[in-house]
K.L.:
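Below you will find the structure I want to go over with you.
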Amino acid sequence: MIQIHNTLSQRKEEFRPLEPGKVRMYVCGMTVYDYCHLGHARVLTAFDVITRYLRHRNYDVTYIRNITDIDDKILQRAEANGEDYLALTDRMIKAMHEDEARLGILPPTKEPRATAYIDEIIAMIHILISKGFAYPADNGDVYFAVDGFEGYGKLSKKKLEDLIAGARVGVSEAKRSPADFALWKAAKAGEVSWPSPWGDGRPGWHIECSAMSTCCLGDTFDIHGGGPDLLFPHHENEIAQSEAATGKPFVNVWMHAGAVRVNKEKMSKSLGNFFTIREILEKYPAEVVRYFLVSSHYRSQVDYSEENLEEAGRTLTRLYTALRGIVPDKKPSVEIAGDADQQFHAAMDDDFNTPGALTVLHALASDINVFRREGRDREASEAAAVMVSLGKVLGILQQDPEAYFKAGNVGDLTAETIESLIAARNKARKERNFAEADRIRDELADNGVVLDDSRDGTSWRRG
RNA sequence: GGCGCGGUGGCAGAGUGGUCAUGCAGCGGACUGCAACUCCGUUAACGCCGGUUCGAUUCCGACCCGCGCCUCCA
């Protein structure tokens, strides 16, 4: 039985999909006006692991993650860049896919774009107006009337009075109530727009997700996820729009990832500590970044820092070290796989407790090391197979260990140079010229290469 | 101000009403020419104050501190 923390009820609940064996999940994706940052990576990774695990548990998962390809920020950025907004969004979507691939994020089942759903969005707005939940305003915008929807605030636990009382000055006068939000925004002169019954314009931010999710998954679906800052107003508004339009419950389980901080400070552009995925991948291997993300629970806050990433790297190195030089056995025995599977599932069934799941991988690494020491090669190989297969569910440990150790971007010696220096050092060792041997080892160390002597010879890694 | 989340050993990070998290780092030992890797052993924690209980880090209450959202933001 899988338990999932539901933001709506604020507790863990037994997960029961609407249709047995099938999971329909929607996650709010990127607004493509800039490169993906670490916060995106966090959400992407969290729901990637969730999808992988559900599939591992034999659920047929339909995973929809949208792309917001029209909105104010996109238009502003395109204008600032002096490029067409389509050129901008194309570029950013391509970059996003590259970043995802490097982090081992599997593509979603479908990746709908807002601009491809304009008809559906207009149809939904139409229904909302006809049911009296929304109204066209004099300025050409269409607004959702928040006080007409009874459950407003149930996700974010906010009261309408508080929201109205707390509203900033300068609220658009076209709105009947300050908390009302736009479904359709009238186009300013020269802006990209689509025709609608209320005049030329473009969709508001929230409505696109209501339209795309219900079109792709049905009026009611199992899981809706996203970043922590989308909880309000975005997700609250999605519920209002969708439930008002369909008259049915929108989503059974709401899931929100934890925030990312940088050196214990909120990551924000004004603080100048905003990291894009590609910036980070220049400093750390992608798998280390992924390990770092997976090593804390998806709902907790993580702190990005050099120290934490380096620790993640050392830890991942330990796991790969156990795997190094072993051909994983294709069919691990029940004795070897059974316990590990059971513990792994126990952790992951409990609201996707990835740190707990990693403990199982560490235990397997220790087992492998002991088996090897005792010459129990067959068991070592079986344990390695289990480790790699469980690692796959978390999206780690899928590289060839040698490739992992030698890839890095540390130092600038080529593999050939390193190998020849090692040969020279081993010659010196054989001649018991340890001064020379150590000199060579130091030289390699200065270039970020760590040596490892064993009976079978000397291996190396970039550390 | 409103709403929500959290405070665990040097660090990261799970979890539990009563013997172990785990990893990194540290310490002692084995291995090694010396290291590295690995193994064996080991140090060390549950913000503060009350309450419930035979027993609380775990449950309840107050307090202190931190964080997030309330405005575009994953």
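What you are looking at is a predicted structure, and each value in this text was computed from that prediction instead of being measured. Keep in mind that the numbers below use all heavy atoms, side chains included, and drop hydrogens, waters and symmetry copies. Throughout, a chain's letter reflects where its sequence line sits, starting with A, and its residues are numbered from 1.
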K.L.:
Describe the nucleic acid contact of Ala259(A) in one word from base, sugar-phosphate, nothing, applying a heavy-atom distance below 4.0 Å.
P.N.:
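Base contact.
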K.L.:
Could you tell me how the ring of His56(A) sits relative to the ring of Phe344(A): parallel (under 30°), tilted (30 to 60°) or perpendicular (over 60°)?
P.N.:
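Perpendicular: the ring planes of His56(A) and Phe344(A) meet at over 60°.
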K.L.:
Can you list every salt bridge (charged side-chain N to carboxylate O under 4.0 Å, His left out) pair that touches residues 393-405 of chain A, not counting sequence neighbours?
P.N.:
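Listed by first then second residue: Arg324(A)-Glu402(A), Glu402(A)-Lys406(A).
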K.L.:
Which label fits Phe250(A) and Phe221(A): parallel for a plane angle under 30°, tilted from 30 to 60°, or perpendicular past 60°?
P.N.:
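Ring orientation of Phe250(A) relative to Phe221(A): perpendicular.
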K.L.:
Hey, does His37(A) reach any base, or is it just sugar-phosphate, or nothing, if we go heavy atoms under 4.0 Å?
P.N.:
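If one applies the 4.0 Å heavy-atom cut-off, His37(A) turns out to touch a base.
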K.L.:
State, yes or no, whether a side-chain contact exists between Glu236(A) and Tyr152(A) at a heavy-atom distance under 4.5 Å.
P.N.:
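Yes, side chains in contact.
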K.L.:
Restricting to salt bridge (Lys or Arg N to Asp or Glu O under 4.0 Å), what partner residues turn up for Asp329(A), sequence neighbours left out?
P.N.:
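Listed in chain order: Arg378(A).
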K.L.:
Tell me what Gly153(A) touches on the nucleic acid: a base, only sugar-phosphate, or nothing, going by heavy atoms under 4.0 Å.
P.N.:
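Result for Gly153(A) = nothing.
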K.L.:
Which nucleotide in the set C39(B), C69(B), U22(B) lies at the smallest distance from any side-chain heavy atom of Val370(A)?
P.N.:
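Nearest to the side-chain atoms of Val370(A), counting from C-beta on, is C39(B).
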K.L.:
Look at the side chain of Ser296(A) and decide which nucleotide, out of G23(B), G13(B), A74(B), has an atom nearest to it.
P.N.:
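Of the options given, the side chain of Ser296(A) lies nearest G13(B).
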K.L.:
Would one find a side-chain N or O of Lys264(A) under 4.0 angstrom from OP1 or OP2 of A12(B)?
P.N.:
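True: Lys264(A) side-chain N/O within range (under 4.0 Å) of A12(B) OP1/OP2.
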K.L.:
Is the Phe181(A) ring parallel, tilted or perpendicular to the Phe144(A) ring (thresholds 30°, 60°)?
P.N.:
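Aromatic pair Phe181(A)/Phe144(A) classed parallel.
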K.L.:
Please tell me if Arg425(A) has a side-chain N or O lying less than 4.0 Å from either OP1 or OP2 of A35(B).
P.N.:
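Checking A35(B) against Arg425(A), no side-chain N or O comes under 4.0 Å of OP1 or OP2.
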K.L.:
Report the nucleotide, chosen from C72(B), C40(B), A74(B), that has the shortest atom-to-atom distance to any side-chain atom of His40(A).
P.N.:
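Nearest to the side-chain atoms of His40(A), counting from C-beta on, is A74(B).
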K.L.:
Pick base, sugar-phosphate or nothing for Phe434(A), based on heavy-atom distances below 4.0 Å to the nucleic acid.
P.N.:
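Base contact - Phe434(A) has a heavy atom under 4.0 Å of at least one base atom.
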K.L.:
Give the rounded distance in Å between these two atoms: CG of Asp303(A) and P of C24(B).
P.N.:
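Rounded to the whole Å, the gap is 20 Å.
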K.L.:
Check the angle between the aromatic planes of Trp254(A) and His256(A) and answer parallel, tilted or perpendicular using the 30° and 60° thresholds.
P.N.:
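Plane angle under 30°, so parallel.
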K.L.:
Does OP1 or OP2 of C37(B) have a side-chain N or O of Trp460(A) closer than 4.0 Å?
P.N.:
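Checking C37(B) against Trp460(A), no side-chain N or O comes under 4.0 Å of OP1 or OP2.
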K.L.:
Under 4.0 Å, heavy atoms only, any strand: does Asn308(A) hit a base, just the sugar-phosphate, or nothing?
P.N.:
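Result for Asn308(A) = sugar-phosphate.
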K.L.:
Using a 4.0 Å heavy-atom cut-off across all strands, classify Asp71(A) as base, sugar-phosphate, or nothing.
P.N.:
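The answer is nothing, as Asp71(A) stays clear of every strand by at least 4.0 Å.
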K.L.:
CE of Met387(A) versus C1' of U22(B): gap in Å, rounded?
P.N.:
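Atom CE in Met387(A) sits about 13 Å away from atom C1' in U22(B).
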K.L.:
Let's see if you can work this out: which of G33(B), A74(B), A14(B) has an atom nearest to the side-chain heavy atoms of Arg441(A)?
P.N.:
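Nearest to the side-chain atoms of Arg441(A), counting from C-beta on, is G33(B).
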K.L.:
Base, sugar-phosphate or nothing for Asn369(A)? Non-hydrogen atoms, less than 4.0 Å.
P.N.:
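Since only primed, P, OP1 and OP2 atoms lie under 4.0 Å of Asn369(A), the category is sugar-phosphate.
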K.L.:
For Glu307(A) and for Leu231(A), find the nucleotide of RNA chain B with the closest heavy atom, then tell me which residue's nucleotide is more 5'.
P.N.:
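Closest to the 5' end, via its nearest nucleotide, is Glu307(A).
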K.L.:
Can you list everything that forms a salt bridge (Lys or Arg N to Asp or Glu O under 4.0 Å) with Asp349(A)? Sequence neighbours excluded, please.
P.N.:
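Once residues adjacent in sequence are excluded, the partners of Asp349(A) under the salt bridge (Lys or Arg N to Asp or Glu O under 4.0 Å) criterion are Arg57(A).
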K.L.:
For nucleotides 3-8 of chain B, just jot down a letter per nucleotide in 5' to 3' order: B, S or -, based on protein non-hydrogen atoms under 4.0 Å.
P.N.:
SSS---
K.L.:
Applying side chain to side chain donor-acceptor pair (under 3.5 Å), name anything that partners Arg299(A), two or more places apart in sequence or on another chain.
P.N.:
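Only Asp351(A) meet the side chain to side chain donor-acceptor pair (under 3.5 Å) criterion with Arg299(A).
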K.L.:
Can you find a donor-acceptor N/O pair under 3.5 angstrom joining the side chain of Asp438(A) to the base of G33(B)?
P.N.:
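Such a pair exists between side chain and base.
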K.L.:
Just to be sure I understand the rule, does Arg314(A) reach a base, reach only the sugar-phosphate, or reach nothing, if contact means heavy atoms closer than 4.0 Å?
P.N.:
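Counting heavy atoms under 4.0 Å across all strands, the contact made by Arg314(A) is with sugar-phosphate only.
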K.L.:
Test side-chain contact (heavy atoms from CB on, under 4.5 Å) on Ser454(A) and Ser459(A); report intermediate values, then the result.
P.N.:
CA-CA 8 Å; Ser454(A) 74; Ser459(A) 57; 5.9 Å; no
K.L.:
Rounded to whole angstrom units, what separation is found between the CG atom of Asn353(A) and the P atom of U16(B)?
P.N.:
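Nearest whole value for this atom pair: 9 Å.
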K.L.:
Rounded off to whole Å, could you give me the CZ-to-P distance for the Arg461(A) and C37(B) pair?
P.N.:
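Rounding to the nearest Å, CZ of Arg461(A) and P of C37(B) are 6 Å apart.
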K.L.:
Is there a donor and acceptor pair, one atom on the side chain of Arg318(A) and one on the base of C24(B), closer than 3.5 Å?
P.N.:
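Not at all, since no donor on one side and acceptor on the other fall under 3.5 Å apart.
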K.L.:
Within this structure, what is the NZ-to-C1' distance between Lys266(A) and A74(B), rounded to whole angstrom?
P.N.:
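Distance check: Lys266(A) NZ to A74(B) C1' gives 11 Å.
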K.L.:
Given atom CD of Gln343(A) and atom P of G15(B), what is their separation to the nearest angstrom?
P.N.:
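So the two atoms are 15 Å apart, to the nearest Å.
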K.L.:
Taking the side chain of Ala437(A) as heavy atoms from C-beta outward, which of G33(B), A74(B), G15(B) is closest to it?
P.N.:
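Closest nucleotide among those given: G33(B).
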K.L.:
According to the Watson-Crick and G-U wobble definition with distances under 3.5 Å, which dot-bracket string, read 5' to 3', encodes RNA chain B, using [ ] for crossing pairs and | for pairs with another strand?
P.N.:
(((((((..(((.....[...))).(((((.......)))))....(.(((..]....))).))))))))....
K.L.:
Using a cut-off of 4.0 Å on non-hydrogen atoms, how would the nucleic acid contact of Val27(A) be classed: base, sugar-phosphate, or nothing?
P.N.:
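Here Val27(A) touches no strand at all.
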K.L.:
C39(B), A21(B), C67(B): which one has an atom nearest the side-chain heavy atoms of Arg261(A)?
P.N.:
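Shortest atom-to-atom distance from the side chain points to C67(B).
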K.L.:
Does the base of G23(B) carry an N or O that pairs as donor and acceptor with the side chain of Glu311(A) under 3.5 Å?
P.N.:
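Per atom types, the contact qualifies.
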K.L.:
Which nucleotide in the list G13(B), A35(B), C69(B) gets nearest to the side chain of Phe232(A)?
P.N.:
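Nearest to the side chain of Phe232(A) among the choices is C69(B).
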K.L.:
What is the distance from CG of Asp456(A) to P of C31(B), rounded to the nearest Å?
P.N.:
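Going from CG in Asp456(A) over to P in C31(B) covers 19 Å.
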